[in-house]
Number of protein chains: 2
Amino acid sequence: MHQEQHPAPAPTRRLSREAIIDTALAQIDRSGAQSLSMRSLAQELGVEAMSLYRYVEGKDDLLERVVEQLMGDMTSRLDADLTEHWQGFLQALANEVRRLAVEHPKAFPLVATRPPAAPWLRPPLRSVELVNTFLSTLLGFGFTDEQAVHTYRSFSSFLLGQLLLEASVRGVDPVDTPFDDADPSGDDDESTLADAPQVLRLRPLLSEDRSEAEFETALEAVLDRLARDLAQ
Amino acid sequence: MHQEQHPAPAPTRRLSREAIIDTALAQIDRSGAQSLSMRSLAQELGVEAMSLYRYVEGKDDLLERVVEQLMGDMTSRLDADLTEHWQGFLQALANEVRRLAVEHPKAFPLVATRPPAAPWLRPPLRSVELVNTFLSTLLGFGFTDEQAVHTYRSFSSFLLGQLLLEASVRGVDPVDTPFDDADPSGDDDESTLADAPQVLRLRPLLSEDRSEAEFETALEAVLDRLARDLAQ
DNA sequence: ACCTGAACACCGTTCAAGT
DNA sequence: ACCTGAACACCGTTCAAGT
């Protein structure tokens with residue numbers, strides 16, 4: 001029997017939970033979570049869709065595992081970043097989450113908007129392990145329970161707003177965007193802009209991408225505010 | 001011919017774009033955007049799915065119209081709120097957007113996360129009319145172009161983070177949540193919390209809902225920061 | 001043990017046909 | 001002019017069957 005000699009008809013030979021999750025993430029990175037289907041994923045793995053159900057409970061579970069993996073990768077990178085001030089910790093954390101958003105702009109909406117498993121797991125900091133690290137680090141720096149929890153909330157909200165916006169800008173495929181500052185008659189927005197003179201006039205300024213600088217100054221503002229709240 | 005005497009077999013008699021959008025919003029408010037389908041919407045309107053395509057280009061267009069209607073309602077309420085300081089304007093705007101999030105928690109994710117039509121339309125302030133009002137109001141209070149645009153960005157990010165989190169908490173259906181502070185052995189999270197002592201200990205504090213108060217103090221912090229940036 | 005074929009109950013959407 | 005039946009190309013998921 002000639003079992004191993006004909007070449008694999010698809011990239012991966014043996015199925016595994018890990019391979020499924022990795023391939024799902026790759027497909028999401030390529031074309032968004034919207035267009036991921038059990039069937040297309042199976043096809044890329046060289047298998048029928050039903051085979052996936054041996055390793056994953058269903059599509060919802062699969063997406064949860066993808067999020068889990070992204071969070072896990074991030075958390076392990078964070079452990080190395082030890083600092084002496086709480087500001088340093090929050091800065092390192094913020095940069096790691098931003099890195100996730102920038103490297104996976106099409107997957108980040110999943111991290112940011114999938115319904116959390118528990119009410120005390122707020123996106124985008126959605127792993128128990130990470131939240132525990134967050135809280136115990138701040139408590140270690142002398143925060144009270146209330147201060148640590150309040151900081152967790154402010155910080156989640158800051159990261160969510162800032163990074164979801166940045167990811168959505170970066171996640172858009174570069175399609176007919178290259179030429180959008182030409183054509184002042186505005187064929188893409190037609191008459192909508194006629195009644196919006198300021199938007200029309202400020203369009204170039206509004207379209208500028210200052211995400212990185214904005215992120216850093218906004219982060220400093222948050223840290224300043226927290227420092228003042230603690231001192232008082 | 002007895003044309004008008006037999007009772008309507010379904011709620012709405014005559015189809016219209018407006019009825020379609022209203023019913024779609026009602027269905028989203030009830031059970032989330034996820035579970036809205038052209039077929040279920042048609043059924044609620046007493047019609048076949050294909051009839052909807054006379055009034056709406058497709059599902060994507062329909063969702064865009066729902067968002068448009070929510071934004072329109074909000075914008076018209078805002079016009080009445082005239083104020084003497086820019087702080088008052090931003091406060092009124094923030095409260096209107098929050099009201100939208102609180103009244104339509106299951107529809108708000110649509111406002112917050114659907115890909116914007118243009119890069120200078122940032123969620124959740126996603127109508128040209130509203131952005132124009134925003135910019136011209138601030139310019140009218142003496143802001144420079146750069147200041148107005150920067151304020152638009154900070155404010156969008158603040159509203160998005162704060163309100164998406166609040167809406168996601170409020171959007172969850174009250175199912176087996178009533179009793180979740182009993183049962184300290186934690187059957188819902190099982191062993192996950194065993195390695196997360198701080199999360200376990202602070203669970204009650206983390207689960208508290210302080211959204212309204214938090215929103216107000218966070219808003220004040222944003223306004224303070226803007227005022228300081230302007231003065232310097 | 002691991003994968004699959006066939007089937008079920010759904011989707012969004014098109015188009016020729018009905019009234 | 002407005003609605004529909006039938007069809008197409010998809011979905012997620014189950015389950016008995018294959019190897």
Side-chain angles (χ1 to χ4, degrees), chain A residues 1-25 27-28 30-67 106 109-110 114-115, chain B residues 1-25 27-28 30-67 106 109-110 114-115:
Chain A
M1 318 135 181
H2 43 88
Q3 13 185 55
E4 303 199 49
Q5 54 212 31
H6 57 73
T12 319
R13 201 65 227 118
R14 199 120 203 90
L15 217 45
S16 77
R17 195 182 164 88
E18 205 196 6
I20 291 175
I21 294 170
D22 286 350
T23 311
L25 177 54
Q27 207 164 109
I28 292 170
R30 241 183 292 124
S31 41
Q34 192 78 336
S35 70
L36 172 73
S37 79
M38 297 300 275
R39 289 167 133 110
S40 67
L41 174 58
Q43 192 181 23
E44 186 167 343
L45 287 160
V47 108
E48 297 300 313
M50 316 81 205
S51 311
L52 305 176
Y53 288 81
R54 290 243 152 220
Y55 302 89
V56 130
E57 286 184 22
K59 195 184 185 182
D60 230 62
D61 181 48
L62 171 63
L63 293 177
E64 216 50 61
R65 298 304 145 246
V66 169
V67 169
K106 296 193 185 171
L110 241 45
R114 277 185 65 81
Chain B
M1 316 148 182
H2 42 87
Q3 7 188 60
E4 303 198 48
Q5 54 212 32
H6 57 72
T12 319
R13 202 63 227 117
R14 200 121 203 86
L15 218 44
S16 77
R17 194 181 165 90
E18 206 196 5
I20 291 175
I21 293 169
D22 287 349
T23 310
L25 177 55
Q27 209 164 107
I28 292 169
R30 243 183 291 124
S31 40
Q34 191 80 337
S35 70
L36 172 72
S37 79
M38 297 299 275
R39 289 166 133 111
S40 67
L41 175 57
Q43 192 181 24
E44 187 168 342
L45 287 161
V47 109
E48 298 299 314
M50 316 81 203
S51 311
L52 304 176
Y53 289 80
R54 290 243 150 222
Y55 301 88
V56 130
E57 286 182 25
K59 195 183 185 183
D60 229 61
D61 182 48
L62 171 63
L63 293 177
E64 214 51 60
R65 298 303 144 246
V66 169
V67 169
K106 297 194 184 172
L110 241 44
R114 277 185 64 80

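Naming: A, B, ... by sequence-line order, numbering from 1 per chain.
- When atom types are taken as modelled, the side chain of A/Ser40 and the backbone of A/Leu36 share no donor-acceptor pair closer than 3.5 angstrom.
- B/Glu48 has its CD atom 5 Å from the P atom of D/dT4, to the nearest Å.
- To the nearest 0.5 Å, atom CG of residue A/Leu41 and atom CD1 of residue A/Ile20 are 7.0 Å apart.
- At the heavy-atom level, B/Ser37 lies under 4.0 Å from the strands shown only through sugar-phosphate atoms.
- Sorted by first then second residue, the side-chain hydrogen bond (donor to acceptor under 3.5 Å, both in side chains) pairs that include residues 49-62 of chain A, not counting sequence neighbours, are A/Asp60-A/Arg114, A/Asp61-A/Arg65.
- Contact detail for B/Ile28 and B/Ala33: the closest heavy-atom pair is CG2-N, 3.8 Å.
- Distance CG (B/Leu45) to C1' (D/dC2): 15 Å, rounded to an integer number of Å.
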Worked check of side-chain contact (heavy atoms from CB on, under 4.5 Å) between A/Leu62 and A/Leu52: CA-CA 10 Å; A/Leu62 171 63; A/Leu52 305 176; 5.9 Å; no
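- Here C/dC2 presents its C1' atom at 13 Å from CG of A/Leu52, a figure rounded to the nearest Å.
- B/Lys106 places a side-chain N or O within 3.5 Å of a backbone atom of B/Arg30 that can act as its donor or acceptor partner.
- Applying the 4.0 Å criterion to OP1 and OP2 of C/dC3, one finds that A/Tyr55 has a side-chain N or O inside that range.
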B/S/- contact track for nucleotides 13-19 of chain C, protein heavy atom under 4.0 Å: BB-----
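- Rounded to a whole Å, the CD atom of A/Gln43 is 13 Å from the P atom of C/dT4.
- A/Asp22 CG to A/Arg17 CZ: the interatomic distance, rounded to the nearest 0.5 Å, is 12.0 Å.
- Put simply, CD on B/Gln43 and OG1 on B/Thr23 are 13.0 Å apart, with the number rounded to the nearest 0.5 Å.
- With a 3.5 Å limit on both pairing distances and Watson-Crick or G-U wobble geometry required, the stems of 3 or more pairs in DNA chain C span C:4-8 with D:12-16, C:12-16 with D:4-8.
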